[in-house]
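This report refers to the structure that appears directly beneath it.
Letters go in sequence order (proteins before strands), and every chain restarts at 1. Every heavy atom of this structure was used, including side-chain atoms; hydrogens, water molecules and symmetry mates were not.
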Amino acid sequence: TEEIDLTIASSHPLVVPWVGMIKSVFMEEVDKKLAETGDYKINWNEAFGGQLYKANATLTSVEEGITDLGWVFSYLEGAKMPLSQVAGYTPFTTNDAPKLLDTMTELMETNEAFRNEWEQYNLVFLGATAADDYDLYTNFPINSLDDLKGRKISAPGILSSWLRGLDATAVDGALTTYYTDIQTGVSEGTLSIALGILPTKVYEVAPYITRVNAGVVFSGGLAINKDTWDSLPEEVQNAMIEAGLIYSKKHGVDLMERHEGALNKMVEIGKDQNPPVTITPLPQAERQKWVEGMPNIAADWAAEAEAKGIPARDFLKAYMEGLKERGETPQRDWTEGL
Amino acid sequence: MARLWGRIVDGLGALGSITIAGLMALIVADVIARNFFNVTIPVVAEIGALSVVMILFLQLATTVAHNRMARTEFFVHAIERRSPRAAGVIEGVYDLLGATACGLIAWSTVGVLAKDLKAHEFIGVLGVFTLPVWPFRILIIVGVTAATLHYLMRGIARILNLGPKAA
Amino acid sequence: MSPFEIGSAAILVLLVLIYIGVPIGVGMLIVSMVAVAEMRGFTVALRMIGAVANDSTREYLFAVVPLFVLMGLLVTISGVGRDTFDFFERLLRNVRAGLGIATVFANAVFASITGISIASASVFARVAVPEMIRHGYSPRFATGVVAGSSVLGMLIPPSLLMIIYAVLAEESVGRMFIAGILPGLVLSIAYAAMIYAMAHLRPNLVFRSGRDTRPGDLDGADPRLHVMRRGLPIVSLVVLVLGGLYTGWFNPTEAGAVGAFGALVIALLRRSMSGRDFWRVLVETGQVTVSVLFLVMAATFFSRMLALSGVPRTIADGLLSGGLGPYGFLIIYIALLVAMGCLIDSISIMLILLPIAIPVAEAAGFDMIWFGVITVVGVEIGLLTPPFGLSVYTIKAALDDPDLSIKDIFLGAGPFVLAMLVVLAILVAFPALSTYLAYL
Ligand code: NA
Ligand code: NA
């Protein structure tokens, strides 16, 4: 048996579901497959949870071989990975994580520009990840969009664009600051994901959960440094490719279950607080009003990328098409007028 | 020559000082804008984050020059009491270590700059407000290069005994 | 050599380099560079040092470092620090060693507007030490009081160390802040009691002549008017910073900027600062900031190198499976904090130790808020212990008196180190002191 030393790392800790599944699914599957022949064995040096780099350097760290394998948070790499932002610029398109991940995985094979966007950084894409659905968590009840007028909502980065057309002020921040920001009144709520809100206990200060179902987004993926990849025997490469596909699939299903589980858990834990945690769905008509009131942020994004020579329009079309083929019906046709 | 260099180092330090004052003003303006006018200044957090790196490197050379880098001194002082010359050489060697560390940072940051330029790296949100990152990066490189040169010149001067407090 | 051996060797080499006086940040960078090159090749090491330099301090949170330093220096130059001290001096003028106790309580108040201890140390070195020496205190004791009470700056909120802990442990910053209030008060009271006891039982340690020459009335003005005039600036700053923080005008990072701005306004209103003074303050702020942030950056590289080597994980496994039990682990952890505190700065210790200790503490079922308070008090002991004690060096630099040796200040701080250890034991024994307010 030949032993291979590999470092595997992430900016986020193992308690984050898709990071935990790198260990519990991807690494397990690879080990299992390699054990079938017994020719190779991997000695994993685990450096999860920001031991090697922070969220601001997930791409370069795999690119430069600081780690061999790592979870790349492409969501934060707007400049270097513009096409990977597509889901962030097309809210209200899909609430189905497995279908989103399936579409992105297919595009990685069929769309050259998208594949190149990852491979140009000296890495090989192994599995896709997503963030769960975006909802509103506020310290005031929301019955209609009018209730959001003049409110300060924590929505950093691209999420600030989702609030455009609502007359709400987007406040900068991060998952770790929402609690204090809302508690102290810096903001009055946040547009965020259940899996982030549950561990940070934001529901304690923002007990009104409005299920907006604004959409799941592509967050990035597990990747391996290309130089490392080229040095691996074919059997190990194949094991990793198969394990990566299983990882994406299981992660998508897991994400949907956990999202519901997290929302239910918040209601249960928060039932005795005052006011108790409540979940109200945003009426379909209000959702439609929200998405139609937005400027066409997808078209603006595509135009800016095209100006840099990136075929974002074709990619946007292929993305929307891929989701429709899988039975999704976008709330708004973001390709309109392209 | 030494005076000109001293001015360059102080000038970079001054740029860092202005950055600190600017950072204070920017954050206070953002707090006021948010609380009184219900608007936020875009990318304050990201500019603030980059400013921290800028302040660190712009003022590195002047901090080195003023001997403000944290260290223990009892060992060198003990040597100095017996042989000031030997202490000078030791300090010179430490300076060369400092030059090596800063030089490696400068060198690798040039690589980071090349990537910034190639990818048009920016802060902010596309379609809302963006700022290019490369000007910040150049200031970082200039600052850490100045620190490298300062360490290098002082180290050589100390080892050659061109006055223990040279450069 | 295996990565584990390289990592272990790197720790030993670093200790030697620190001991022989290589600047600590430089030593960490060089050692880490060599170790990573040995493990993963020179190219990766070079890229890693570049990534560390450009990414590790690129954090909005770290903007608090220059801003809190700036506020501290502005408070000194505007005379607000002096006024706070005057206020307590008058209040306690009939108590033996009242000036020493006044220094402790003035520091506790000042701590509620500053987030870093070096600001407290530099302010009160200039304000309280000359006053105490003038009234017959021994220089050793006077500087010791200032060094000891400067640690309150990072225990009572706002606090840079609490922020760093909160980030590493994924706890709420606001909750960590509140957790520090009671322990800060307990430590202040312990200090005051100790000073009072020393003045009665061992006056020779406190006073040059062996007795207190108490300050009389300094001027004939109406004391009530006096208190108002002296107290107003500091009270407005405290109200501005704490009030703003807890009513939601701004977050902890922004508090530094608002506080610095408030101190600037006070200094301008009192006409106690020229443009040239302000510039000097900015330059000084920059140099203190750089020495702190350079350490943060270098320590980040060092801890990433250790992560590559696998040493922390092996040690954590060792501590957990060693059959020590939760309290055995806690005792070893505190001993490590104190031992490392002798050699390196508080932030580096937290960056190096916490990634190892947090998973162990969580596995042991500790309350992480309580664990954070223990951690902060533990690392702060290092501010006062030789050979590398940041508060002591700050006082030495601020006083700039050739007759006063570093050794004297360390000796003077000795009793306060003991008091901190006692308070640490109390905090370990009574977790509610740390958690009660935080979960209210
Ligand atoms: Na404080
Ligand atoms: Na120490």
Side-chain angles (χ1 to χ4, degrees), chain B residues 10 13-14 16-21 23-28 30-31 34-35 44-46 48-53 55-60 62-64 66 68-77 90-91 93-94 97-98 100-102 104-112 137 140 144 151, chain C residues 17-27 29-30 33 46-55 57-63 65-67 70 244 249-250 253-254 256-258 260-261 264 279 282-283 285-295 297-298 343 345 386-388 390 393 406:
Chain B
D10 287 345
S17 295
I18 291 168
T19 309
I20 294 175
L23 188 61
M24 177 183 77
L26 180 70
I27 295 177
V28 170
D30 186 41
V31 167
R34 185 178 62 227
N35 285 294
V44 169
E46 283 174 285
L50 263 180
S51 308
V52 177
V53 189
I55 292 166
L56 165 56
F57 287 110
L58 282 177
Q59 302 198 312
L60 187 55
T62 170
T63 308
V64 169
H66 287 91
R68 298 292 287 268
M69 303 298 272
R71 54 176 288 196
T72 58
E73 281 173 331
F74 51 95
F75 177 79
V76 176
H77 283 171
I90 289 173
E91 295 266 33
V93 171
Y94 296 172
L97 283 179
T100 310
C102 293
L104 288 167
I105 290 175
W107 184 14
S108 56
T109 305
V110 171
V112 178
R137 202 75 75 196
I140 292 170
V144 74
Y151 263 136
Chain C
L17 292 186
I18 290 175
Y19 179 81
I20 63 172
V22 175
I24 295 166
V26 170
L29 290 176
I30 296 281
M33 183 75 200
L46 184 66
R47 285 165 175 169
M48 222 164 144
I49 200 174
V52 163
N54 285 279
D55 298 333
T57 57
R58 189 174 164 183
E59 223 34 273
Y60 189 41
L61 224 44
F62 284 132
V65 177
L67 295 171
L70 179 60
W249 272 45
F250 40 77
T253 314
E254 294 168 340
V258 176
F261 187 73
L264 177 64
W279 184 250
L282 279 178
V283 170
T285 303
Q287 295 186 356
V288 175
T289 304
V290 170
S291 57
V292 173
L293 290 181
F294 193 78
L295 278 173
M297 174 193 62
L343 285 165
D345 79 293
F388 177 73
L390 200 52
Y393 286 133
I406 290 274

*Are the side chains of C/V26 and B/Y151 in touch, meaning some heavy atoms are under 4.5 Å apart?*
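Yes, side chains in contact.
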*Considering only heavy atoms from C-beta outward, does the side chain of C/M297 approach that of C/L29 to under 4.5 Å?*
yes
Please state whether the side chain, the backbone, both or neither of [X] comes within less than 4.5 Å of a heavy atom of chain B.
X: C/L46; value: both
X: C/L70; value: side chain
X: C/L264; value: side chain
X: C/I49; value: both

If we ignore hydrogens and angles and just use 3.5 Å, is the side chain of B/R34 paired with the main-chain N or O of C/W249 as donor and acceptor?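 The answer is yes, because a donor-acceptor pair under 3.5 Å joins these two groups.
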- Task: State whether the side chain of B/Y94 and the backbone N or O of C/I20 hold a donor-acceptor pair below 3.5 Å, judged by distance alone.
- Result: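 The answer is yes, because a donor-acceptor pair under 3.5 Å joins these two groups.
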**B/L60 versus C/F294, closest heavy-atom pair with distance** =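 In this case the closest contact between B/L60 and C/F294 is CD1-CD1, 3.7 Å.
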Discussion item. Testing the basics here: between B/A14 and C/W279, what is the closest heavy-atom pair and its distance to 0.1 Å?
Written reply: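 Taking B/A14 first and C/W279 second, the nearest heavy atoms are CB-CZ2, 3.3 Å.
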What residue, out of [options], has the most heavy-atom pairs lying under 4.5 Å from chain C?
options: B/V112, B/L97, B/V76; value: B/L97
options: B/I55, B/V31, B/V110; value: B/V31
options: B/I140, B/V144, B/T19, B/T62; value: B/T62

One option among C/G50, C/A53, C/G27 has the most heavy-atom pairs under 4.5 Å with chain B, and it is C/A53
Checked C/M48, C/R47, C/Q287 vs chain B; the most non-hydrogen pairs under 4.5 Å come from C/Q287
Honestly, the part of B/S51 sitting under 4.5 Å from a heavy atom of chain C is neither
### Message
If I measure from the heavy atoms of chain C, does B/D10 come under 4.5 Å with its side chain, its backbone, both, or neither?
### Response
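Contact with chain C: none, neither part.
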For this session: Could you tell me which residues satisfy side chain to side chain contact (heavy atoms under 4.5 Å, CB included) with B/L26, sequence neighbours excluded, listed by chain and number?
Result: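 By the side chain to side chain contact (heavy atoms under 4.5 Å, CB included) rule, B/L26 matches B/I41, B/V44, B/I47.
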Q) Taking atom types as modelled and ignoring hydrogens, do the side chains of B/S17 and B/Q59 form a donor-acceptor contact shorter than 3.5 angstrom? A)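 Note: B/S17 and B/Q59 side chains meet the donor-acceptor criterion.
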